[in-house]
Protein chains: 2
Amino acid sequence: MSTIKDVAREAGVSLGTVSNVLNGKPNVKKENKEKVQKAIRKVGFQYNMAASFLRTKTSKNIGLIIPSITNPYYPELARGVSDSARIASLTVFLCNDDRDVSKEHRYVDELLSKGVDGIILVKPQMNLTELQELNRHTALVLVDVGEDIGTEFHVINVCDEQGIIQGMTLLRQYGHKKIAFVSGLLESYSSKCRVQTYRRCLADYGFDYRPEYVISGNYDWQSGYTAARQLMQLDDPPTAIFTSNDLMALGAIKSTLEKGIRIPEELSILGFDDIDMSNLCTPALTTIHQPKYEIGIESMNMLLACMNGETPKNGMKTILETRLVFRDSVGYA
Amino acid sequence: MSTIKDVAREAGVSLGTVSNVLNGKPNVKKENKEKVQKAIRKVGFQYNMAASFLRTKTSKNIGLIIPSITNPYYPELARGVSDSARIASLTVFLCNDDRDVSKEHRYVDELLSKGVDGIILVKPQMNLTELQELNRHTALVLVDVGEDIGTEFHVINVCDEQGIIQGMTLLRQYGHKKIAFVSGLLESYSSKCRVQTYRRCLADYGFDYRPEYVISGNYDWQSGYTAARQLMQLDDPPTAIFTSNDLMALGAIKSTLEKGIRIPEELSILGFDDIDMSNLCTPALTTIHQPKYEIGIESMNMLLACMNGETPKNGMKTILETRLVFRDSVGYA
DNA sequence: TTGTACGCGTTATCAT
DNA sequence: ATGATAACGCGTACAA
């Protein structure tokens with residue numbers, strides 16, 4: 001592989017000049033510029049980013065750490081950051097941490113040693129001090145993290161509260177009073193937030209809170225499947241099931257359909273997330289849309305701002321809106 | 001950020017010694033090793049991979065280029081390479097090229113300049129000479145590429161032919177003679193292969209080939225949706241629809257269900273790929289399983305072999321098997 | 001076993 | 001506008 005040295009020799013100019021044309025600096029004679037470009041093609045020059053990094057301290061790489069790309073929620077988000085990164089000529093490292101703190105740490109160290117210009121960390125598992133430490137070392141954007149996070153961080157959240165309220169409002173409008181809720185893993189901030197808001201709505205509406213109507217799932221469709229089964233075996237089963245994500249809603253649909261229960265005539269099911277498949281299944285899932293792609297875009301854009309130090313030292317926080325998507329799985333009680 | 005120089009000073013040893021402990025070389029006195037490790041923690045040392053790359057020419061990074069992570073086929077594959085990369089302490093760049101040659105080129109150049117140790121290129125769009133050129137410059141594994149590719153390449157394919165035969169055999173066993181086929185984008189190698197095998201099976205079974213039974217889709221569920229609609233409006237509609245991927249099959253199910261056609265009683269639908277959702281929909285989709293995760297694993301492993309030069313200069317090629325997954329969308333004609 | 005000097009490819013700073 | 005040269009942080013000979 002040839003270097004700018006070879007190019008310089010071939011073109012009969014100095015190293016500095018070659019570097020200048022490579023970086024599009026204006027102060028290069030047209031003639032020399034052409035000579036250099038010709039030489040580049042001739043010697044088969046390949047730019048070496050690592051060498052550049054040594055001087056400039058910027059790698060044009062960023063890290064994206066997510067639970068798992070296999071979770072249907074994340075491909076869209078990843079695509080958002082990827083597209084936005086592309087525009088900024090950044091390349092992205094994909095890291096799946098499986099919500100495992102040690103994997104998360106390992107990836108962070110790795111990314112740091114690879115000199116990324118910034119990190120987008122989704123659903124961080126590490127503790128506050130560690131996050132602060134990390135925030136000092138690199139540009140950092142946190143996605144889907146507790147409301148109580150300090151203002152020193154740049155964060156992107158979705159308004160879970162709003163989403164749940166939208167869902168509960170709909171169910172009440174359709175005459176449902178017996179509303180069950182299938183939550184996600186309670187370790188996660190947004191999961192907890194969703195259940196809490198569910199309970200608050202119940203109270204606001206003057207509906208009874210029934211412990212047997214709240215089941216904690218783990219985001220897999222299987223857990224929605226068994227949760228629905230369990231709920232429908234109750235002496236006084238709910239008329240609507242609100243699940244904390246779409247996958248569990250689809251599982252719930254599957255299990256109730258198998259039991260011969262008709263949706264939405266006999267049971268309403270409401271999801272959360274609006275993953276692609278929700279529109280494809282039969283009946284199409286009524287759900288709360290999360291702007292996953294936009295979350296990706298916004299995260300990357302915020303990271304860019306953070307990298308440019310545009311936001312001094314006080315954090316930024318943007319909260320994206322949810323939206324009800326009415327399809328076929330919710331009907332009158 | 002501190003360097004090994006700082007560590008050396010703090011520990012009171014030489015640069016070389018620090019380097020040796022960092023790289024786990026055996027020839028370091030235990031006492032010094034401990035001193036160094038303590039110093040590393042004390043000065044907050046952060047290893048600089050770029051500097052290392054300059055000497056060693058290995059970055060511990062690889063590039064994965066796929067059409068789009070948003071296509072439900074790819075997250076599993078990506079997860080496979082990611083998991084396998086993790087074991088080898090490699091980090092992966094995620095690149096979506098949208099089956100666009102220019103994007104593909106841009107990513108390849110970018111990856112090369114970033115000094116990746118290898119590239120996994122799925123569904124390459126560039127021409128043979130370009131691939132050969134690339135193959136000379138870096139470790140390269142091609143995934144899902146034409147049978148006629150030269151032996152100088154390392155390739156991983158799935159046996160599309162086998163898959164189609166498995167599907168057609170099943171449909172024949174269930175008494176279907178009027179079998180429609182919805183293909184994918186005909187630019188892709190495997191798409192073409194699938195249609196051709198479909199036609200060959202028809203001939204082998206002595207069934208009529210009817211042009212109106214073959215519709216070309218584009219892998220979206222929408223194209224499966226309209227294709228099925230179109231097919232069922234024929235004067236003599238098929239009794240089974242075989243689609244070239246699951247997404248289109250799910251679209252087909254959706255549209256026929258909406259028309260009140262029962263599956264599988266009145267119409268059988270058979271998919272290809274076995275994406276996650278196939279099992280979740282109602283009726284669950286009978287389909288041809290592709291080992292997507294394993295493809296990812298194998299690609300990465302082959303790339304490792306290629307990086308180590310284990311396979312001299314003659315290419316390697318492994319073809320993974322498909323498997324019929326019988327669920328609820330295929331019944332007797 | 002440990003220390004030293006040099007090279008890796010690029011950019012920044014000067015001086016011209 | 002251009003050229004020469006010193007950094008950047010690490011690995012690796014080779015010498016001690």
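Within the structure, every side-chain polar atom (N or O) of B:K25 is placed at least 4.0 Å from both OP1 and OP2 of C:dT1. Put simply, B:S19 has no side-chain N or O that comes within less than 4.0 Å of OP1 or OP2 on D:dC10.
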(request) Could you go through the side-chain contact (heavy atoms from CB on, under 4.5 Å) check for B:Y107 and B:I119 one step at a time? (result) CA-CA 10 Å; B:Y107 267 124; B:I119 296 179; over 6 Å; no
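Note: CZ (B:F53) to P (C:dG9) measures 9 Å, nearest angstrom. For the pair A:L22 CG and C:dA12 P, the computed distance is 12 Å after rounding to whole Å. Computed from coordinates, the A:N20 CG to D:dA1 C1' distance equals 9 Å when rounded to whole Å. Taking atom CG of B:L54 as the reference point, atom C1' of C:dC6 lies 13 Å away to the nearest angstrom. Computed from coordinates, the B:L112 CG to C:dG9 C1' distance equals 16 Å when rounded to whole Å. Going from atom CD1 of A:I4 over to atom C1' of D:dT5 covers 13 Å, rounded to whole Å. If you take CZ of A:R55 and P of D:dA6, they are 12 Å apart, rounded to a whole angstrom. We find that NZ of B:K57 is positioned 13 Å from C1' of D:dG11, with the value rounded to whole Å.
Between B:S14 and A:L15, the residue anchored closer to the 5' end of DNA chain C is B:S14, taking for each the nucleotide with the nearest heavy atom.
With C:dG9, C:dA12, D:dA1 as the choices, the nucleotide that has an atom nearest any side-chain atom of A:K29 turns out to be D:dA1. The side chain of A:S52 lies closest to C:dT10 when the candidates are C:dT10, C:dG9, D:dG9.
With B:S299 contributing its side chain and B:I295 its backbone, the two residues share a donor-acceptor pair below 3.5 Å.
For the pair A:M49 and A:S59, the tightest heavy-atom approach, listed with the atom from each and the gap, is CE-O, 3.3 Å.
Under the salt bridge (Lys or Arg N to Asp or Glu O under 4.0 Å) criterion, B:D83 pairs with B:R79, not counting sequence neighbours.
Between the side chains of A:K123 and A:S188, at least one donor N or O sits under 3.5 Å from an acceptor N or O.
The list of salt bridge (charged side-chain N to carboxylate O under 4.0 Å, His left out) pairs with a residue in residues 7-30 of chain B, not counting sequence neighbours, reads B:D6-B:R9, B:E10-B:K42.
A salt bridge links B:R86 to A:E110: at least one charged side-chain nitrogen sits closer than 4.0 Å to a carboxylate oxygen.
Residue-level contact check: B:V18 touches neither bases nor backbone, having no heavy atom under 4.0 Å from any strand. At a threshold of 4.0 angstrom between heavy atoms, the contacts of A:N23 are confined to the sugar-phosphate backbone, with no base atom among them.
At a non-hydrogen distance threshold of 4.0 Å, nothing from residues 38-51 of chain A comes into contact with DNA chain D.
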